[in-house]
Each structure stands twice: as structure tokens, then as C-alpha cells.
Novice: 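Pasting a structure below so you can have a look.
Please read all numbers here as calculations on a predicted model, not as lab measurements. In what follows, every chain begins at residue 1, and chains take the letters A, B, ... in the order their sequences are listed.
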Amino acid sequence: MTQAYRTMAPADLILAWYDKHHRDLPWRVSPPMAAAGVKPDPYRIWLSEVMLQQTTVQAVKSYFALFTARWPTVADLAKADNEDVMKSWAGLGYYARARNLKKCAEAVAFEHGGVFPDTEDGLKALPGIGDYTAAAIAAIAFNRKSAVLDGNVERVISRLHAIETPLPAAKPEMRALVAAMTPEDRPGDFAQAMMDLGATICTPRRPACALCPLNADCRVLGRDDPELFPRKAAKKEKPVRLGAAFVAEDEDGAVFLRKRIESGLLGGMTEVPGSAWTARIDGDTATTAAPFPADWHPTGTVTHVFTHFELRLTVYRSRVPRGTAKDGGWWQPKATLDGEALPTVMKKAIKQAIPDAFDKTRNA
DNA sequence: AATTCGGGGGT
DNA sequence: ACCCCAGAATT
């Protein structure tokens, strides 16, 4: 015997850790549940994975509960009204996900007999399912040995192997390392374990290396600062854009809304009328960009940070007579504003002009 | 390979 | 203030 002891394979160490420390999540079939014979529902796995794209578990939970209660199966979602789906998604962000979610449900329900493809390639051919999500569904829902690489796993792998290549160039190398590490047995649990590890132990700041099941194998621990991994390309600064928003309220307390075009930023969502969002703004915007002539007066500014720019909206308000022209939009009663497909920035603008607009007790 | 897509929570 | 988050689609 040339070694004093044999170390367990990293995959076995991670699975053993996962059996003890896994988190209970609404879409997860935990090891005890699996032992009791519970099988994952591909619909719920898919729905959760799409919602979790660039979105935290905490933010997803309430939306996942809402969607699964309202649309329990992929067939239900396929038959749903597009606008109802957008309204239910409002606030979660990245609205192309909601549009693709609906398209994907229709494809599965109407072209695949209501059954999700059970291979990575088959899944990836569906709208809104890319490299990560296809691998994750294949592994978690269908027990396929696919290499699941998300932001958590990138961090774990980059530290474990001290990868110096910056992201995103390092992705192929990382995926190969994950593939080599993924076990034949329990690949779905392995994927979830790696993500849990990145979310709770191998964190971006102050990782709990002392508690990590892989600390004996980590190439960074003890040699460099784990917080410096993964290496990443420098990011560019966010420009500021300016704009005006117009909140009109009629004598019945209804607010004038309109629908944005289907593509691009906040595509297909509801908005209050406004100017274009540009680097500079001229002085007579209030008179040129308003939806109709009225006694517009400024109420203040709201700031909203998008992924690639910061928006500062000057919010104008007016009180107009009942029956004011509604070209290009509609009048929405304040009591039902909360059910509209309003993205967060639009809710901010309305609240700036009408502070109690979303107060259910006042508007009921 | 770069850019465009939201929003919120942690530090 | 800055970081990141179970990324995908488009250019």
C-alpha cells in the first residue's frame, strides 16, 4: 500500500455532503423523497430552471407557487392567454423568458404530445432552453449524465482547479472538467449538489472553505485568495439615460396605460406613456412626448437600474376629464392596476405620481 | 465574441 | 457602490 489512506472521489464527497446539507426547494425532489419513490416532474423542473435563469431562489419562490397553482401542467400553460402569462411574470424581469416560456409550452404540448424531450439536444431545440437549462433538465428530470455548468458551478470549478483563464472564455474548459467529474450514478443530485455548494459554501465573498467537502482537493485554498476566482473580463461602465413618463389620472381614478412593442427592452409589457430614453433630453419634452395635451406638471424623478444602463425618469402627472382620448392605450382603474403586466420601473413611475396607486385598501 | 435583455439581495 | 444571481438570444 503506497498511500496511508485513500481519498474519496470528489463526486462522492459532494454527494455525501448533499445528502446531509441539501436545501428543500419547492421544485426539488430531495434524496429522502427520491428514496420514497417520488419522481421529478419535468414540467416543474423546466419551469423552475427558466425562472432561475439569472434570478435568485428567493425571488423565484413566490412566482413558482403562483404559476404551478394556476397552470399545473404544461398543457394548461400552453392553453393559457399570452397576456395572462405576462401579467403573472411581471416583476420577475428578463421578459423574453416569459414569451419563450409560453412558446416552449406550446411546442411541448402541441408538437411533442405533452411530453418533454428527455435528451439534452431535444431540450435545447426548444425556445428559452440553452446550454445550461438543457443540461440541468436532462440531469435533474431524466437522470442524464450531462455537464451542468451555471454561475455557481463556474465558481466551484474555477477555484477547485485554479483556472486562470477569464470568463466567458474559460467555459468550454470548465464544462469539460465538470463532465469528467460527473458520476454515472445520481447525475441530477450531483448537479444540484454542485449548485448548492456554490450557493452556500463556495460563495463569491467569504467562502466557508473550512466546511467545504472539497477543501482537500482545492487548488486555490491555501495558495491564493478564493475571492479572486473565477477570473472575469473587465466590465464596462453603465451609461445614464434620461426620459419622461406621463401618468394621467381621470375623474374616476383610472390611469392611462399602453402596451410596449413585443421585442426589445420590456417587450410586450405594459407602460405609462413616455419619451424615448436617451443620453440627453431637451426642455420641451413635456409638451412633445405627452400622449395628449393636458396640464402636465412634474412630480419628481425615479431612478431605475437596468442591466446595461441607468434610467432617470422625470414623472409628469395630470388630472384629465372623463372620456379623454384613448388613442394607442386604455384607461385602467386604479383598483386593478396591480394585476397589469407592469414592470417594476413602471410601477415606480406610477407610485411617484400617485403614491397610493397600488394601495389595495384605498382603491378597492 | 459582444451585446442585449430586470430586478433584487448581499456585502 | 459594487457584486452576483441555477443564462438565452441576437448581432
Novice: Name the nucleic acid region contacted by A:K124, choosing base, sugar-phosphate or nothing; use a 4.0 angstrom heavy-atom cut-off, strictly under.
Specialist: nothing
Novice: Rounded off to whole Å, could you give me the CZ-to-P distance for the A:R205 and B:dG10 pair?
Specialist: 15 Å
Novice: Using a cut-off of 4.0 Å on non-hydrogen atoms, how would the nucleic acid contact of A:G264 be classed: base, sugar-phosphate, or nothing?
Specialist: sugar-phosphate
Novice: For A:W27, report the nucleic acid contact type (base, sugar-phosphate, nothing); a contact means any heavy atom under 4.0 Å.
Specialist: base
Novice: Roughly how many Å is it from CG in A:L52 to C1' in C:dC4, rounded to a whole number?
Specialist: 14 Å
Novice: Measure CE/A:M51 against C1'/B:dG8 and give the value in whole Å, please.
Specialist: 16 Å
Novice: Using the closest heavy atom to pick a nucleotide of DNA chain B for each, name whichever of A:K236 or A:Y94 lands nearer the 5' end.
Specialist: A:K236
Novice: Checking side-chain hydrogen bond (donor to acceptor under 3.5 Å, both in side chains) for the pair A:R97/A:Q53: CA distance, chi angles, key distance, verdict?
Specialist: CA-CA 9 Å; A:R97 291 186 298 171; A:Q53 290 165 4; 4.9 Å; no
Novice: Could you tell me if the ring centre of A:H308 sits under 6.0 Å from that of A:F306?
Specialist: no
Novice: Kindly say if A:T344 contacts the phosphate of B:dG7, meaning a side-chain N or O under 4.0 Å from OP1 or OP2.
Specialist: yes
Novice: Does A:K235 have a side-chain nitrogen or oxygen under 4.0 Å from the phosphate oxygens OP1 or OP2 of C:dC4?
Specialist: yes
Novice: Quick check on B:dC5: is either OP1 or OP2 less than 4.0 Å from any side-chain nitrogen or oxygen of A:H308?
Specialist: yes
Novice: Please state the P separation for the pair C:dT11 and B:dG6 - nearest whole angstrom.
Specialist: 15 Å
Novice: Categorize A:Y132 for me: base, sugar-phosphate, or nothing, with a 4.0 angstrom heavy-atom threshold over every strand shown.
Specialist: base
Novice: In whole angstrom, what separates A:Q58's CD from B:dG8's P?
Specialist: 12 Å
Novice: Base, sugar-phosphate, or nothing: which does A:I129 touch, judged by heavy atoms less than 4.0 Å apart?
Specialist: sugar-phosphate
Novice: As a test of reading the structure: which of C:dA6, B:dG6, C:dA8 is closest to the side chain of A:D131, going by heavy atoms?
Specialist: C:dA8
Novice: Any base atoms under 4.0 Å from A:L25, or only sugar-phosphate, or nothing? Heavy atoms, all strands.
Specialist: base
Novice: Nearest-nucleotide wise, let me know which of A:P168 and A:R97 is further upstream toward the 5' end of DNA chain B.
Specialist: A:P168
Novice: Write down the distance between NZ (A:K102) and P (C:dA8), rounded to a whole number of angstrom.
Specialist: 21 Å
Novice: Between atom CZ in A:R175 and atom C1' in C:dA6, what is the gap in whole Å?
Specialist: 14 Å
Novice: Got a donor-acceptor pair under 3.5 Å from the side chain of A:T307 to the base of B:dG6?
Specialist: yes
Novice: Reckon A:T133 touches a base, only the sugar-phosphate, or nothing at all at heavy-atom distances under 4.0 Å?
Specialist: sugar-phosphate
Novice: Closest nucleotide of DNA chain C for A:D150 versus for A:P127: which of these residues is on the 5' side?
Specialist: A:D150
Novice: Closest nucleotide of DNA chain C for A:K232 versus for A:Q54: which of these residues is on the 5' side?
Specialist: A:K232
Novice: Assess the pair A:W89 and A:Y63: is the distance between their ring centroids shorter than 6.0 Å?
Specialist: no
Novice: With both distances kept under 3.5 Å, what pairs with C:dT11, Watson-Crick or G-U wobble?
Specialist: B:dA1
Novice: Any N or O donor-acceptor pair linking the side chain of A:T55 to the base of C:dG7 at under 3.5 Å?
Specialist: no
Novice: Give one of base, sugar-phosphate or nothing for A:R155, where a contact means two heavy atoms less than 4.0 Å apart.
Specialist: sugar-phosphate
Novice: With a 6.0 Å cut-off on the ring centroids, do A:Y18 and A:F190 count as close?
Specialist: no
Novice: How far, in whole Å, is B:dC5 from C:dA6 if one measures between their P atoms?
Specialist: 23 Å
Novice: Answer with yes or no whether the side chains of A:Q332 and A:T336 bring together a donor and an acceptor at under 3.5 Å.
Specialist: yes
Novice: Is a salt bridge present between A:R319 and A:D295, judged by a nitrogen-to-oxygen distance below 4.0 Å?
Specialist: no
